[in-house]
Each structure stands twice: as structure tokens, then as C-alpha cells.
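A quick write-up on the structure given underneath.
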Amino acid sequence: MHKLIIHGGKKLNGTINISGAKNSAVALIPGAILCDESITLTNVPNISDVDSLEEMLLFLNAKIDRRKNGEILISSENIENKRIDENLVKKLRASYYFMGALLGKYKHVEMCFPGGCTIGARPIDIHLKGFKKLGATIKEDGDNFIIDAKELKGTKIYLDFASVGATINLMYAAVKAEGETIIENAAKEPEIVNVATYLNNMGAKITGAGTKTIKIKGVKYLHSCFHEVIPDRIETGTYEIIAAAIGEKITIKNIIPEHVEALNEKLTEMGVDITIKEDKVVIKESKNLNSVSIKTEVYPGFPTDLQQVLASLMVIAEGTSTIQETIYENRFLNLYELMKMGAKIKISGDTATITGPTKLKGTEVNATDLRAGAGLVIAALIANGKTVINNADYILRGYENIVEKLKSIGADIELV
Ligand code: EPZ
């Protein structure tokens with residue numbers, strides 16, 4: 001595992017270009033299986049989760065051409081629908097998109113339970129319930145699933161929770177089913193819209209993506225398409241928080257501002273000097289930040305993925321801030337690492353309180369998951385002295401060129 005070594009306390013200046021969204025790319029890549037021809041994706045971030053999915057597609061004998069400019073061409077005309085090596089599947093949660101894609105195309109898939117961060121149990125019961133509603137039978141033996149369907153028939157599916165993964169996986173399973181499928185209580189995240197547009201670009205008939213009701217009219221054939229990955233709203237939010245914490249003047253480009261509206265509201269409430277433009281934000285040095293309270297919600301509420309990052313900014317705000325995490329049951333592990341750096345934090349149940357301002361001290365800390373790691377990067381950039389972040393590979397899973405991007409605005413950071 002790599003480590004990040006950061007010497008903090010240096011003001012940062014310059015421009016950050018946001019990459020394609022991890023949580024979109026990791027859905028679009030397996031979705032290529034559904035196409036009856038080849039597809040080209042552009043603005044694909046160069047992150048290890050994409051490498052892992054590429055390995056899984058190659059395991060199935062798909063043909064892949066990964067170009068330097070963030071383009072990837074995938075043709076899955078001759079793939080073999082076999083059980084993917086579980087060492088590959090266990091590398092990330094998004095492996096489960098192969099379930100929906102292989103089921104949707106071949107009416108059969110055999111796979112083990114996916115991987116994923118330590119932020120909660122992360123069951124896939126909502127996915128499986130939806131597959132059954134479409135006509136699939138599921139045999140579970142231990143960690144392994146065998147999912148079969150004589151035919152997939154469109155039907156009405158109500159999601160018990162507006163799950164991002166389940167919404168996308170059920171779109172994949174339904175896109176070539178007989179008749180119309182209606183997904184009620186669907187997730188509304190921008191990544192859902194990005195996936196629906198992708199499938200429609202192939203000739204699918206999907207309406208309502210981005211609302212709580214998505215309609216999918218099954219089609220027989222999906223033709224080739226050229227599709228762009230949307231900008232990463234969580235990477236955007238991460239760099240906005242870095243700028244608010246230790247920037248003098250930082251411009252963050254290639255963004256879709258409304259995708260980070262919930263965060264921008266909170267940063268404004270904290271007194272951050274933020275100017276929002278068409279496809280960028282400019283954040284200037286902001287002194288005496290106010291404390292703030294957040295409660296994570298499904299989109300368009302405050303994103304759970306950014307609460308671990310904003311926690312580090314709350315440490316230097318005046319007063320007591322609170323975080324209520326409603327999506328995951330174990331997403332406060334990063335706070336124990338912040339306490340090692342001197343942060344004053346109390347955790348009780350689903351709520352954490354952070355009292356500031358506190359001067360953080362550099363020390364050795366451990367990234368426990370991807371966004372926890374991102375939060376520690378911010379804490380290290382703020383802290384006096386040297387911080388070593390262990391398990392930095394978590395961070396490389398979701399942030400393209402994070403060391404180069406931070407060095408380009410003056411951070412003293414290196415990966416070892
Ligand atoms: C996606 O995970 C993201 N990952 C997560 O980002 C993000 O935190 C999450 O959406 C919520 O926004 C990817 O897109 C690869 P969910 P996903 O299904 O699809 C429960 C990151 O840092 N649930 O909306 O797994 C689940 O346990 C990652 O980039 C069930 O109970 O999220 C969780 O408590 C972390 N049964 C809640 O719903 C199910 O069948 C949210 O899960 C499915 C989910």
C-alpha cells in the first residue's frame with residue numbers, strides 16, 4: 001500500500017481541472033456489455049477503479065482500447081459470459097453492475113458478492129428483489145449468486161430505498177426486457193441521468209431519469225454510441241473544501257455547479273468566499289469560518305460522500321458543527337484519525353459534533369476508505385508539520401492525478 005506524505009500550512013493558489021465522475025464511469029464501463037456493437041466513452045478518469053473494471057471486462061474476453069486522452073473503446077460482441085474471478089470482483093462495489101448488464105443481455109449471470117469500502121454492510125437485497133420482479137430466479141450459495149431468467153418481463157418495481165446502485169442495475173436488467181418497466185422511488189443522482197442518456201444513445205427507450213419514476217421500454221438491439229462521462233461532483237466538492245480550508249485564490253474548472261449545490265449552500269453558510277460561474281467556481285481565502293450543521297440525504301440533499309471531507313473543514317470553523325449521517329451506518333472512522341491530529345470531536349450514534357477552531361498537528365494517520373482518505377488530505381494540508389497518510393491506495397481509487405493536481409497549486413505532497 002502506498003503512503004502520502006504532506007507538509008501542511010502552505011497557502012495554495014491556482015487552477016484545478018475536474019475529471020470525469022468515478023461513480024458514473026464505474027457504471028458506464030460494465031454497461032458496455034449490453035451494446036450489440038462497440039461503444040466509445042470519453043472523459044473517463046484515470047483511476048484504479050477503472051483499471052479494475054477493465055480487467056474484469058478483459059477476463060470476459062471483451063476487446064478494450066484505452067486511449068491516453070481519457071477515451072475508452074469497448075466491444076463486447078464476443079464476450080464469454082462466465083463467472084468473473086472473485087479476486088477481481090472483490091476489488092470494488094461497482095463490480096455488481098456486471099450482474100445487471102450480463103443478466104440484461106444474456107438472462108444469466110454467475111457472480112460473487114461485490115467488494116467495497118468499510119462504511120457499512122452494503123447489502124444488495126434491493127438489486128436482487130428487482131431482478132426477481134423482472135422474472136429472474138436467484139440461487140445463493142454462500143457468497144455466490146447464480147441468476148437466471150427464461151425471459152425478463154417489464155413490470156413495476158418499487159425500491160425500498162432510493163439506492164443508486166440498484167436503480168442503475170435495474171435499468172441494465174430491464175433495458176432489453178419484454179415490455180415496459182417502471183422503477184418507483186428511483187435514485188435521482190446525476191450519475192443515473194448519465195447512464196440513462198448512454199443507453200438512450202444506444203437506442204434504448206428510457207424516460208424520467210433524474211426523477212423518482214423511471215420508465216424503460218424494452219428494446220431488442222442496442223447500437224454503438226459515443227458518450228461522455230459527466231464531471232465528478234464529489235471530486236469537485238473535495239477541491240472546493242481544500243480551497244476553502246487553505247486556498248488564497250483557487251479556480252475549479254470543468255464542473256456542473258448545480259451538481260454541488262448542497263455543498264455550495266453550506267460553504268456559503270460557513271462564510272466561504274465562493275463565486276459560481278457557468279462551468280467553474282472561484283474560491284478565495286476565507287477567514288473566521290462559521291460552524292455549520294449537515295444531514296446527509298439522497299440527491300439533491302447533502303451527499304454522504306462529502307461529509308467525511310467537510311468534517312476536516314469544520315475542525316477549523318468557529319463553534320460546534322454537527323454531521324448527521326443517515327445513509328451509512330459506519331461512516332465516521334475518519335473522525336478517529338482527525339482526533340489523532342488534535343481535533344475535538346464527539347460521536348454518538350448517527351451524529352458527530354466537531355468543535356473548533358483547532359490547530360491540527362501533523363502525525364501518522366490511516367485512510368480507512370476513499371472519502372475518509374480525502375478528508376485526511378485536507379487535514380494534512382491544514383496541519384502544522386508533516387503528516388503521513390497510510391493506505392493511500394484508497395484515495396487513488398477515486399481521485400485522478402491527485403498528487404499532480406495538488407502540487408500544481410503549491411501543495412507539498414508526495415506519494416511513496
Ligand atoms: C453509490 O453506492 C456510490 N458508489 C457511493 O459512493 C455513494 O456513497 C452511494 O451511492 C450513495 O450516494 C458508487 O456509485 C460506486 P446505495 P451504492 O445503493 O450504489 C443501502 C464513493 O465514495 N442499500 O445508494 O452502493 C446501503 O447499504 C462511494 O464513491 C441496501 O440496503 O449506494 C447504503 O446504506 C461510497 N440494499 C444505502 O442503501 C441495497 O440493495 C445507500 O446505498 C442497496 C443499498
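Counting from 1, the numbers follow the sequence of the chain as shown. FYI, side chains are in, hydrogens and waters are out, and symmetry mates aren't considered; it's all heavy atoms of this structure.
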Tell me, with the steps shown, if Met314 and Ile294 meet side chain to side chain contact (heavy atoms under 4.5 Å, CB included). CA-CA 11 Å; Met314 290 171 166; Ile294 63 164; 4.0 Å; yes
Starting from the C-alpha separation in whole Å, work towards a yes-or-no answer on side chain to side chain contact (heavy atoms under 4.5 Å, CB included) for Glu235 and Tyr399. CA-CA 7 Å; Glu235 186 195 20; Tyr399 289 94; 3.9 Å; yes
Which pair of non-hydrogen atoms, one from [X] and one from [Y], has the smallest distance, and what is that distance?
X: Gly104; Y: Leu152; answer: CA-CD1, 4.0 Å
X: Leu415; Y: Ala392; answer: CD1-CB, 4.2 Å
X: Phe161; Y: Asn185; answer: C-ND2, 3.8 Å
X: Ile192; Y: Ile214; answer: CG2-CD1, 3.8 Å
X: Leu289; Y: Ala244; answer: CD1-O, 4.1 Å
X: Thr15; Y: Ile409; answer: N-CG2, 3.8 Å

With a cut-off of 6.0 Å (strictly less than), are more than 12 heavy atoms of other residues, nucleotides or ligands near [atom1] of [X]?
X: Glu278; atom1: CD; answer: no
X: Lys340; atom1: NZ; answer: yes
X: Phe59; atom1: CZ; answer: yes
X: Lys82; atom1: NZ; answer: yes
X: Lys11; atom1: NZ; answer: yes
X: Lys90; atom1: NZ; answer: yes
X: Glu178; atom1: CD; answer: no

Look only at the side chain of [X] and the backbone of [Y], and say whether a donor-acceptor pair between them is shorter than 3.5 Å.
X: Asn61; Y: Ile79; result: no
X: Tyr172; Y: Ala27; result: yes
X: Thr211; Y: Thr213; result: yes
X: Tyr97; Y: Ile29; result: no
X: Ser321; Y: Val292; result: yes
X: Asn17; Y: Lys253; result: no
X: Glu329; Y: Ala121; result: yes

Could you tell me if the side chain of [Y] sits less than 4.5 Å from the side chain of [X], heavy atoms only?
X: Ile39; Y: Phe226; result: no
X: Ser224; Y: Met202; result: no
X: Leu4; Y: Val388; result: no
X: Leu60; Y: Ser76; result: no
X: Thr42; Y: His227; result: no
X: Pro190; Y: Tyr299; result: yes
X: Ile274; Y: Val282; result: no
X: Lys280; Y: Ile252; result: no

Stepwise side chain to side chain contact (heavy atoms under 4.5 Å, CB included) test for Met111 and Val89: CA-CA 8 Å; Met111 243 181 100; Val89 173; 3.7 Å; yes
Between Val50 and the options Ile47, Leu53, Asn46, the side-chain contact (heavy atoms from CB on, under 4.5 Å) test singles out Ile47
Is the closest side-chain donor-acceptor distance between [X] and [Y] under 3.5 Å?
X: Thr296; Y: Thr304; value: no
X: Lys3; Y: Asn390; value: yes
X: Ser24; Y: Asn194; value: yes
X: Gln308; Y: Asp369; value: yes
X: Gln307; Y: Arg331; value: no
X: Asn23; Y: Arg233; value: no
X: Lys405; Y: Ser19; value: yes

Taking NZ, NE, NH1 and NH2 as the nitrogens, is one of them in [X] or [Y] under 4.0 Å from a carboxylate oxygen of the other?
X: Asp350; Y: Lys295; answer: no
X: Asp65; Y: Arg67; answer: yes
X: Arg66; Y: Glu54; answer: yes
X: Glu261; Y: Lys266; answer: no
X: Asp412; Y: Lys10; answer: no
X: Glu86; Y: Arg83; answer: yes
X: Lys205; Y: Glu180; answer: no

Might you work through the salt bridge (Lys or Arg N to Asp or Glu O under 4.0 Å) test for Asp160 and Lys129, ending with a clear yes or no? CA-CA 10 Å; Asp160 296 341; Lys129 196 170 147 190; 2.8 Å; yes
Intermediate values then yes/no, side-chain hydrogen bond (donor to acceptor under 3.5 Å, both in side chains), Thr322 and Ser293: CA-CA 5 Å; Thr322 62; Ser293 286; 2.7 Å; yes
For Tyr96 and His127, take the angle between the two ring planes, folded into 0 to 90°, and tell me which bin it lands in: parallel under 30, tilted 30 to 60, perpendicular over 60. tilted
Could Lys133 and Tyr158 be counted as a cation-pi pair, given that NZ or CZ must be under 6.0 Å from the ring centre and within 45° of the axis? no
When you look at Ile157 and Thr181, which way does the side chain to side chain contact (heavy atoms under 4.5 Å, CB included) test go after all the steps? CA-CA 7 Å; Ile157 302 172; Thr181 298; 4.0 Å; yes
Salt bridge (Lys or Arg N to Asp or Glu O under 4.0 Å), that's the test. Do Asp305 and Lys22 meet it? Break it down for me. CA-CA 12 Å; Asp305 292 354; Lys22 167 181 89 80; over 6 Å; no
